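Heads up, the thing below is written out as structure tokens.
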Amino acid sequence: MRAFGFLSFGHYGGSPAQGGISARQMLHDAIDIGVGAEEIGVNNASFRVHHFARQAASPMPLLSAVAARTQRIEVGTGVIDMRYENPLYLAEEAAALDLIADGRVALGISRGAPEAAERGWESFGYTGSTDPRGADIARAKFDVFLKAIQGEPMTRAAAQPYMSDAAPHAPLAIEPQSAELIRHIWWGAGSRATAEWTGQLGLNMMSSTLLTEATGAAFGDLQAEQIDAFRTAFREAGHTHAPRVSVSRSVFPIVTAQDRMLFGARPGDGADQIGIIDGTRSTFGRTYAGEPDQLIEELKADAAVQSADTLMLTIPSQAGVELNLHILESFAQHVAPALGWKPNTEGPVQGDPVS
């Protein structure tokens, strides 16, 4: 690990008397957390994407707002659910965002996690999936998206192209194009098979907050195996650039009495969890909470954290700007330097060569 960011679920709703916030407040808080995180030196500001739920859902306006108010921090997603997306429109938005952010995009995409709605993507107009999870249409649309952002023709010009310098019937690519956008695309992988597929494509890999495997091995060890499989597939496919890899963890440094009250150890926090997701036995990572020296020792023993270039901290975004920036600053001051962290003032994060 040499970089860290935050991953916000963007929760809102509930009674204001009990700490609930509105969607408007959530979005404004998210922007302020991103701006404050950059000042601390945090390397990445990312947001989850969920539909038909009181959580962050449409990331492009939010990421554009954060990018417009910052200069160094990456802006990204963890992850965009491809089942719900028009691939060409997403390609246009992603390219525009990458240009606005001057290449600071880290766009995580995947088939998507379980959603609140039953086959909700069909309500968005995307029908035809024969997979109860919609994975088939997600992969097909992602393939179109990748071709589009690399400038492949997606249609042809009209016989008399209106407001265009294109020749009649000439092949047309989506606009705008951002030349380096393909290097800023991440796939959210939850299994070794998906990790290998991601490596074969030459993308960056965002290892999921859960793994659709439960072998009895520790979550970090399972993820480390996944990362090794990704890098092996990447190398064997002949890619020569240095890919990025991130993993997510819940980490709460305890440096004040308030921290101890809010984040002190609870039953089950110190162990991985096993559960069923989409009918598959899966492993969920543990929560790390403790004094800095303890966290440093535990995170150094986490094989996946050590193997990845970026650690994403999941944050309780609904708890407000001040508390979340305190969590990030505590990690930056008391834990991250011992793990090899380089703040955003030292330049863009680099991946690890796999050759």
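Quick caveat: nothing in here was measured; it's all calculated off a predicted structure.
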(request) Please check if the side chain of R249 supplies one atom and the backbone of L311 the other of a donor-acceptor pair under 3.5 Å. (result) no
(message) Quick check on the 6.0 Å ring-centre criterion: do F234 and H241 meet it?
(response) yes
(request) Write down the atom of G34, the atom of A45, and the distance for their closest heavy-atom approach. (result) CA-CB, 4.4 Å
(request) Please answer whether the main-chain N or O of G320 pairs with a side-chain N or O of N324 as donor and acceptor at a distance below 3.5 Å. (result) yes
(request) Verify, without hydrogens or angle tests, whether S307 (side chain) and A303 (backbone) share a donor-acceptor contact under 3.5 angstrom. (result) no
(request) May I ask whether L181 and L99 are part of the same hydrophobic cluster, defined by side-chain heavy atoms of I, L, V, M, F, W, Y residues being less than 4.5 angstrom apart, directly or through others? (result) no
(request) Might you work through the side-chain contact (heavy atoms from CB on, under 4.5 Å) test for D228 and E225, ending with a clear yes or no? (result) CA-CA 5 Å; D228 287 344; E225 292 175 11; 5.6 Å; no
(message) Can a donor-acceptor pair be found, under 3.5 Å and without considering hydrogens, that links the side chain of E236 to the backbone of Q200?
(response) no
(request) Keeping the roles fixed (side chain from R119, backbone from S129), state whether a donor-acceptor pair exists under 3.5 Å. (result) yes
(message) Please find the pair of heavy atoms, one from A189 and one from T198, that lie closest to each other, and give the distance.
(response) CB-OG1, 4.4 Å
(request) Please answer: with hydrophobic residues joined when any side-chain heavy atoms are less than 4.5 Å apart, are L90 and L88 in the same cluster? (result) no
(request) Over all heavy atoms of both residues, which pair between I296 and H334 is shortest? Give the atoms and the distance, please. (result) CD1-O, 3.6 Å
(message) Please tell me whether Y288 and F331 form a close aromatic pair, meaning their ring centres lie under 6.0 Å apart.
(response) no
(message) Would you compute the distance between atom CG of D259 and atom OG1 of T256 and round it to the nearest 0.5 angstrom?
(response) 3.0 Å
(message) Among L339, V42, N44, which residue satisfies the side-chain contact (heavy atoms from CB on, under 4.5 Å) criterion with F4?
(response) V42
(request) Starting at CD of E74, measure out to OG1 of T310 and round the result to the nearest 0.5 Å. (result) 6.5 Å
(message) Using a strict threshold of under 4.0 Å (side-chain N to carboxylate O), is an ion pair present between R260 and E291?
(response) yes
(message) What verdict does the side-chain contact (heavy atoms from CB on, under 4.5 Å) test give for F142 and L201, after you've listed the backbone C-alpha separation in whole Å, the side-chain angles of each residue and the deciding distance to 0.1 Å?
(response) CA-CA 11 Å; F142 186 64; L201 290 179; 4.3 Å; yes
(message) Keeping D29 on the side-chain end and S317 on the backbone end, is there a donor-acceptor pair under 3.5 Å?
(response) no
(request) Compute the ring centroids of F47 and F6, then answer whether they are less than 6.0 Å apart. (result) yes
(message) Please determine whether residues Y84 and M60 belong to a single hydrophobic cluster, defined as Ile, Leu, Val, Met, Phe, Trp and Tyr linked transitively by side-chain heavy-atom distances below 4.5 Å.
(response) no
(request) Check T314 against F252 and note the closest heavy-atom contact, atom names and distance. (result) O-CZ, 4.3 Å
(request) Enter the distance from H28:NE2 to S22:OG here, rounded to the nearest 0.5 Å. (result) 8.5 Å
(message) Whether D98 and R183 form a salt bridge (side-chain N of Lys/Arg under 4.0 Å from carboxylate O of Asp/Glu) is what I want to check.
(response) no
(message) Donor-acceptor check, side chain of R104 to backbone of V75, threshold 3.5 angstrom: yes or no?
(response) no
(request) Could you tell me whether the side chain of D309 and the main chain of V245 form a donor-acceptor pair under 3.5 Å? (result) yes
(message) Please say yes or no: joined through hydrophobic side-chain contacts below 4.5 Å, possibly via intermediate residues, are I100 and I80 part of one cluster?
(response) no
(message) Donor-acceptor check, side chain of Q150 to backbone of L146, threshold 3.5 angstrom: yes or no?
(response) yes
(request) State, to 0.1 Å, how close A166 and L172 come at their nearest heavy-atom pair, and which atoms those are. (result) CB-CD2, 3.8 Å
(request) Look up atom CD1 in I73 and atom CD in E39, then write down how far apart they are to the nearest 0.5 Å. (result) 10.0 Å
(message) I need the single residue from R54, Q25, Q318 that forms a side-chain contact (heavy atoms from CB on, under 4.5 Å) with Y12. Which is it?
(response) R54
(request) Identify whether the distance between the nearest side-chain nitrogen and carboxylate oxygen of K141 and E85 falls below 4.0 Å. (result) no
(request) List the steps, then state whether side-chain contact (heavy atoms from CB on, under 4.5 Å) holds for V49 with V79. (result) CA-CA 6 Å; V49 180; V79 290; over 6 Å; no
(message) Is there a side-chain contact between V349 and N344 in this structure, where contact means two heavy atoms from C-beta onward sitting under 4.5 Å apart?
(response) no
(request) Indicate yes or no: does D32 engage R69 in a salt bridge with an N to O separation below 4.0 Å. (result) yes
(request) Nearest 0.5 Å please: distance from the CG atom of L97 over to the CD atom of E93. (result) 9.0 Å
(request) Please assess D143 against K147 for the test salt bridge (Lys or Arg N to Asp or Glu O under 4.0 Å), listing each intermediate value before the final yes or no. (result) CA-CA 6 Å; D143 181 58; K147 291 176 180 177; 3.3 Å; yes
(message) For a quick test of reading the model, state the closest non-hydrogen atom pair linking F145 to P87 and the distance between them.
(response) CD1-O, 3.6 Å
(request) Look at the side chain of N43 and the backbone N and O of K342, then say whether any donor-acceptor pair between them is shorter than 3.5 Å. (result) yes
(request) Verify side-chain contact (heavy atoms from CB on, under 4.5 Å) between I137 and E122, making sure each step is shown before the conclusion. (result) CA-CA 11 Å; I137 62 170; E122 293 183 346; over 6 Å; no
(message) Can you tell me how far apart CG (L63) and OG1 (T77) are? Round to the nearest 0.5 Å.
(response) 6.5 Å
